[in-house]
Protein chains: 2
Amino acid sequence: MKSVKQVVYFFFFVHILFSSAVNANGNWRTLNPENTVLMTLPHGKVVIELAPQFSPLHVQQFSKLVKAGHYDGNKFYRVIDGFVAQGGPEDGSAKDKAVPILNIEGEWTTDKEWSFTKVQENDLFAEQTGFKDGFAIGYNPSEKAAWLTHCPGTIAMARGNEADSASSHFYIPNGQALRYLDRIMTIFGRVVFGMEHIQAIKRTSVIEGQSAVDARDFTPVVNMQMMSDVPKEQQIIIEVENTETKAFTEKLVDRRKRDNPFFYKKPLPVLDVCQVPLKTRLVK
Amino acid sequence: MKSVKQVVYFFFFVHILFSSAVNANGNWRTLNPENTVLMTLPHGKVVIELAPQFSPLHVQQFSKLVKAGHYDGNKFYRVIDGFVAQGGPEDGSAKDKAVPILNIEGEWTTDKEWSFTKVQENDLFAEQTGFKDGFAIGYNPSEKAAWLTHCPGTIAMARGNEADSASSHFYIPNGQALRYLDRIMTIFGRVVFGMEHIQAIKRTSVIEGQSAVDARDFTPVVNMQMMSDVPKEQQIIIEVENTETKAFTEKLVDRRKRDNPFFYKKPLPVLDVCQVPLKTRLVK
């Protein structure tokens with residue numbers, strides 16, 4: 001039989017694991033530094049919130065790789081305008097091959113207790129869309145399936161043709177949402193700060209008639225660190241709008257109504273889940 | 001009665017007017033330099049195709065202002081991540097006030113002869129979506145109404161609360177499409193080259209906890225010129241995929257099918273009109 005001490009430790013562990021999701025204070029949610037990545041690019045700093053509650057295996061591996069310095073000095077080697085900025089170690093290098101292969105975590109099964117903040121019914125790509133813990137999701141009640149959706153700024157793992165073939169190469173959509181990749185890729189976080197620096201990453205693809213981009217000009221990842229490993233005085237502490245509140249639901253209602261005189265003719269009362277900006281604020 | 005010469009001149013004039021729309025050679029369409037703008041930013045060059053066939057008054061005024069140097073030295077003073085990069089003359093300045101007010105050109109009425117290349121039925125914001133002359137459009141057959149749609153990279157005129165209140169301030173969506181602004185704003189062109197430079201424009205809005213951006217750091221428009229006024233050797237001549245061909249329709253069919261082994265499970269056979277990239281190529 002487990003001792004009381006062990007049970008307390010267990011709940012403490014669970015609390016740490018999910019604290020980014022439940023540490024909500026009213027209308028704002030403080031990101032847990034253990035669950036947040038600071039990516040330094042030559043032209044700016046980017047903060048990424050990870051989503052262990054949705055993609056635990058990917059977050060575990062990504063965090064471990066970040067801590068091991070796996071991404072430091074990596075290049076954004078596949079950057080296509082209106083599509084993605086993709087980075088990772090040199091293809092086929094020892095560093096690349098040493099990373100274990102991941103099982104896909106593209107969607108999850110919902111049960112009766114499961115809830116979310118609904119945004120829209122009959123979206124083009126999902127029966128319903130909404131938010132869960134600050135992440136945009138698609139949800140098909142008919143299939144009891146929900147998934148993180150490819151809005152600009154989400155971070156997902158690249159893979160080969162097999163479902164279970166991702167390792168460490170990641171991509172971030174930099175233009176219109178890539179909704180057709182939903183459910184067949186693993187999204188495991190999202191950019192909450194510094195998206196303009198992702199958009200400014202040097203494009204590597206060229207159009208017919210243009211010279212190829214020299215690989216020496218590719219944008220590097222200077223380094224990635226778990227925010228909790230960054231010296232206190234250099235940490236960027238972010239709060240994001242809590243999507244599990246009455247205030248947020250009311251914001252959605254308002255946004256749908258467009259009750260501002262600027263809308264001299266009202267648009268259709270529908271919302272694209274990837275065009276519902278979440279507020280963020282800088283604590284320090 | 002008109003002389004043959006007059007008739008020939010008339011058709012020549014019509015040809016010049018619409019040549020960007022009809023000068024299609026097979027699967028590519030050469031942009032007319034009279035109808036193309038070169039915007040030089042400190043960090044790169046951007047090419048914009050204008051849409052006189054949809055928004056004649058706005059294109060006429062914008063072209064005239066470009067030729068008059070109205071935008072040279074203007075600042076991008078309202079740049080919000082995931083929303084727009086907006087530029088124009090100093091608010092309330094003599095230069096600003098001197099510009100005539102425009103009547104809105106947010107949509108047009110279709111007749112029986114009107115045709116387009118259909119992309120999708122039952123889109124969230126339109127009964128149908130598609131392309132016309134290389135521009136993404138929404139179309140409601142029930143209303144006989146069609147309109148240019150706010151995909152990333154379109155250029156539109158800002159306005160006050162009144163429908164007919166635009167003058168010279170323009171914006172370019174820099175993130176997820178702003179479909180809720182369709183039909184109540186005037187889109188008059190789109191970025192066909194250099195979109196990464198639009199995305200890299202310095203953000204002017206800050207989040208709570210951040211210091212305001214000094215107006216001296218706002219990104220300027222170095223200058224704008226009609227491509228036809230640029231010295232030949234500095235012109236950027238672009239061709240874009242012709243959206244009025246059988247080949248393009250077949251490309252849409254293929255894109256919907258996702259018949260590549262990468263799609264180990266097929267996504268829904270639907271297309272977001274703003275996530276159908278059009279090919280471009282550089283002629284010189």
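Excluded from the calculations below are hydrogen atoms, water molecules and symmetry mates; all remaining heavy atoms, backbone and side chain alike, are included. Chain letters run A, B, ... following the sequence lines, proteins first, then strands; residues in each count from 1.
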Do the numbers put A/R256 on top of the ring of B/Y180, so that NZ or CZ is under 6.0 Å from the six-membered ring centre and no more than 45° off the axis? no

Just wondering, more than 12 heavy atoms not from B/K266 lying within 6.0 Å of its NZ? yes

Taking atom OG1 of B/T280 and atom CG of A/D81, what is their separation to the nearest 0.5 Å? 9.5 Å

I'd like to know if the side chain of B/E196 and the backbone of A/K202 have a donor-acceptor N/O pair within less than 3.5 Å. no

With a 4.5 angstrom heavy-atom cut-off, is it the side chain or the backbone of B/P261 that approaches chain A, or both, or neither? both

Contact part of B/L124 toward chain A, heavy-atom cut-off under 4.5 Å: side chain, backbone, both or neither? both

Engaged part of B/I80 at the chain A interface, taking heavy atoms whose separation is under 4.5 Å: neither

Distance (rounded to the nearest 0.5 Å) between B/L282 CG and A/Q210 CD: 6.0 Å

Where does B/R183 contact chain A at under 4.5 Å (heavy atoms): side chain, backbone, both or neither? backbone

Looking at CD of B/Q275 and NE2 of A/H150, how far apart are the two atoms once the value is rounded to the nearest 0.5 Å? 11.0 Å

Option in A/F262, A/F193, A/F125 with maximal non-hydrogen atom pairs under 4.5 Å from chain B: A/F262

Which residue out of A/A177, A/G175, A/G82, A/C151 racks up the most heavy-atom pairs below 4.5 Å with chain B? A/A177

Kindly say whether B/L271 contributes a backbone atom to a donor-acceptor pair with the side chain of A/R179 at under 3.5 angstrom? no

Residue part contacting chain B, namely of A/I104, when any heavy atom lies under 4.5 Å: side chain

Please answer whether the main-chain N or O of A/G194 pairs with a side-chain N or O of B/R203 as donor and acceptor at a distance below 3.5 Å. no

Is it true that the side chains of B/Q176 and A/D272 contain a donor and an acceptor less than 3.5 Å apart? yes

Which is it for B/K279 and A/I207 under the side-chain contact (heavy atoms from CB on, under 4.5 Å) test, yes or no, and what are the steps along the way? CA-CA 8 Å; B/K279 282 189 289 187; A/I207 59 173; over 6 Å; no

Side chain, backbone, both or neither: which part of B/R159 has a non-hydrogen atom closer than 4.5 Å to chain A? both

For A/E162, does the CD atom sit with more than 12 other heavy atoms under 6.0 Å from it, leaving out its own atoms? no

Could you check B/I184 against A/Y264 for side-chain contact (heavy atoms from CB on, under 4.5 Å), going step by step and ending with a plain yes or no? CA-CA 8 Å; B/I184 58 170; A/Y264 69 90; 3.8 Å; yes

